[in-house]
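Letters A, B, ... mirror the listed sequences (proteins, then strands); counts begin at 1.
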Number of protein chains: 2
Amino acid sequence: MRVTIRDVARAAGVSVTTVSRALNGAQDVGEETRQRVIEVAKQLNYRPSHVARSLVLRKSQNIGLLVSDFRKGGHHFLYDVLVGVHDTLAEYGYDVTLVSTDTARQQLVSYVDFCRARGLDGVIVTGIRLDDPYVEEVVESTLPSVVIDLPLLSRHCGYVMTDNVNGARYAVRRLVSRGCRRIGFVNGAAHAAVSRERLRGFEEAVRQYVGVYDDRLVVYGDFTLEGGQRALAELLARAPDVDGVFFASDLMAIGGLQHCRAAGIRVPEDLAVVGFDDIDLARFVTPALTTIAQPRYEMGCEAAKMLVHMLEKGEMPSGTLLPPQLVVRETA
Amino acid sequence: MRVTIRDVARAAGVSVTTVSRALNGAQDVGEETRQRVIEVAKQLNYRPSHVARSLVLRKSQNIGLLVSDFRKGGHHFLYDVLVGVHDTLAEYGYDVTLVSTDTARQQLVSYVDFCRARGLDGVIVTGIRLDDPYVEEVVESTLPSVVIDLPLLSRHCGYVMTDNVNGARYAVRRLVSRGCRRIGFVNGAAHAAVSRERLRGFEEAVRQYVGVYDDRLVVYGDFTLEGGQRALAELLARAPDVDGVFFASDLMAIGGLQHCRAAGIRVPEDLAVVGFDDIDLARFVTPALTTIAQPRYEMGCEAAKMLVHMLEKGEMPSGTLLPPQLVVRETA
DNA sequence: CTGTTAGCGCTTTCAA
DNA sequence: TTGAAAGCGCTAACAG
């Protein structure tokens, strides 16, 4: 049924070893033998079995993409990362297998065991948070991994994330340059690593550009639209004189915009707004959202590249920070 | 290094055969032997190698998800489908491997060969169009497949798509019920199967609800925002008295909205607009877009289910139509 | 340069 | 009920 290496060997009148060598570019094969083998293989439309090869080589050329929070509608961040990961990995000759943390079948076993059972060579982890039970596993396991958006560094685990500190600084600088002096911050979930960094960048920048820092101007949303609405209402109740707000996600910023519209607050005249992420909604809301863009696609690429380098060149994992970028539109 | 079935056998004092049987729930194993084996396996944290099992069983419990047009920013339709596919497949105990048609490494070989080389049990195909070179392959190959959004039915190939004909009808009906009498249609790419069906639904509905059908009111965009802008401009130039427009995608509709704003056309007063897809942008543009929602997640689930049924129960592939839904917002 | 041999980790006849 | 042996398709010593 299936064309195997034996069929090729037989048809070419050589041993399977020779076929293997010829097709894998070993040098100890006669040139004309190689040509004949290649010719026959093509004739027979032979495709080496990755499965068999994985078994003997003990590596699968297959990487897991672990996704926490893999659900309908959660695409804003994930999709581009996924494409970046896939593009790059395909380039290097790796396949990618999706691994979700919250699928019924899988939620009990450790994800490392999941990957091991499948012989995955490594894993790229997304959507994980500081308080996640998986964090420990990622750090301790010897399965080569690269985490996106969480600074976990160990012998077998590197990470790539946006430079959130500077991202927050850019936002504040923009607000200040527009004349804002009382700047609020609607941060994301407190247990997200990115939240800590953005807070740090926010505080540093406010101290530097404004002078006085008032931590009552920091409130917490949960990265969602509704969270942003609520958080802004709370902030405004607490400090009605706020003239600019930095939101730790575009979704929250858009929630904030909705609150403003409902409350009759003009943006940017009464209140300037800067978001974070640059999801494509940002261009389309009215007024269009000024925001800090994250290089999502590139983060995926970078993570994939690091993992392959760890796998193939034995490189040490590292922490990579990618630069965010201010995108000026209408809200600030 | 790795715990194999032999380790378990040794530790349990039985043969590998017995371990295999015990762990796979065969009945010809003594109950206490089975318990012991299970206990030992747990103790040793044994995970059967999927690779080895795939090799001998000649099936991998692994499905390919073929994506044409897998690129940065193209998530509007794809992401939810992908999540649906993954959720359902995971439920059934299958892994999913991403396969992209346009990645450098892969573009030359046939995707069927790609899947075969990896021992994939089947494939779910998305983003493919009528004029795609892959169409032939999908139909002819014996690799079990399910296509999303393209009605390809053969011995080994089923499909699932939205009921586009009725979707278009709902759009027209909505427009008519708002009083529109001269209804235009900005269709998507002509070679997309969905475009034909939507056109059919449009024509049928216009004949039914309006009475007269004028095919000069049909123009073509390419599913993109810019395409929608251009197409609407063209339509309006051709027929300035149009009072309602149905766009075959939300992205095009949003482009149309932008054109309206630029041209001083009030929506929905001067021109009512209905889109198609219900991407999440639709809620956020101003005015919010009335549209026909596609059950993207469910399409993914359905496709996965069909494929698994084909694989495990030997069911014949079939064509499945999922119902769209009118979502009324502000533009119509 | 080429072939023989021995597995990779697992399932499955076939005997016992 | 259990085990020995063969083999899935491939690669890699080790000889020749």
Side-chain angles (χ1 to χ4, degrees), chain A residues 1-38 40-41 44-62 93 95 113-121, chain B residues 1-38 40-41 44-62 93 95 113-121:
Chain A
M1 45 175 297
R2 181 190 168 113
V3 180
T4 75
I5 196 173
R6 309 181 69 106
D7 299 320
V8 178
R10 202 156 19 223
V14 295
S15 73
V16 294
T17 311
T18 301
V19 174
S20 175
R21 285 199 275 244
L23 263 25
N24 291 318
Q27 42 268 22
D28 52 354
V29 186
E31 195 43 39
E32 69 176 306
T33 309
R34 149 169 292 129
Q35 288 311 330
R36 182 153 38 92
V37 169
I38 290 178
V40 169
L44 265 41
N45 192 31
Y46 167 66
R47 306 285 161 193
S49 157
H50 286 221
V51 171
R53 184 180 278 164
S54 296
L55 185 59
V56 54
L57 256 27
R58 272 94 155 271
K59 54 197 188 85
S60 60
Q61 295 288 107
N62 197 166
D95 293 340
D113 284 344
F114 182 97
C115 294
R116 284 252 152 78
R118 286 154 181 76
L120 302 181
D121 296 337
Chain B
M1 42 177 300
R2 179 187 172 115
V3 180
T4 76
I5 197 173
R6 310 181 68 106
D7 299 319
V8 178
R10 201 153 22 219
V14 295
S15 72
V16 295
T17 311
T18 301
V19 174
S20 175
R21 284 201 274 247
L23 263 25
N24 291 320
Q27 40 268 22
D28 53 352
V29 186
E31 194 44 38
E32 68 176 307
T33 309
R34 151 169 292 130
Q35 288 311 330
R36 183 154 36 92
V37 169
I38 290 178
V40 170
L44 266 40
N45 192 31
Y46 168 66
R47 306 284 161 194
S49 157
H50 287 220
V51 172
R53 183 180 279 165
S54 297
L55 184 60
V56 55
L57 257 27
R58 272 94 157 269
K59 54 198 186 83
S60 60
Q61 294 287 110
N62 198 167
D95 293 340
D113 284 344
F114 182 96
C115 294
R116 284 252 151 76
R118 285 153 182 78
L120 301 180
D121 296 337

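Remark: B:V14 engages B:A12, B:T18, B:V19, B:T33, B:R36, B:V37 in a side chain to side chain contact (heavy atoms under 4.5 Å, CB included) (not counting sequence neighbours).
The side chain of B:T18 contributes an N or O atom lying less than 4.0 Å from OP1 or OP2 of D:dG3. Note on A:S20: a side-chain N or O is less than 4.0 Å away from OP1 or OP2 of D:dT11. Remark: A:T33 is in phosphate contact with C:dT2, judged by side-chain N or O atoms under 4.0 Å from OP1 or OP2.
Taking 3.5 Å as the limit, the base of C:dT4 and the side chain of A:S15 contain no donor-acceptor pair of atoms between them. You won't find any donor-acceptor pair under 3.5 Å spanning the side chain of A:R47 and the base of D:dG9, going by distance alone. Under 3.5 Å, the side chain of B:R58 and the base of D:dG9 form no donor-acceptor pair of N or O atoms.
Both B:G13 and A:R53 lie near DNA chain D, and the one whose nearest nucleotide falls closer to the 5' end is B:G13. Residue B:R21 is the one, among A:N24 and B:R21, whose nearest nucleotide of DNA chain D lies closer to the 5' end (criterion: closest heavy atom).
Within 4.0 Å of A:S49, counting heavy atoms only, lie sugar-phosphate atoms of the nucleic acid but no base atom.
Of the residues listed (B:N62, B:V56, B:L55, B:L57), the one engaging A:V51 in a side chain to side chain contact (heavy atoms under 4.5 Å, CB included) is B:L55, and it is the only one.
Figure legend: B:R116 and B:F114 shown without cation-pi pairing, the cationic atom not lying both under 6.0 angstrom from the six-membered ring centre and within 45 degrees of its axis.
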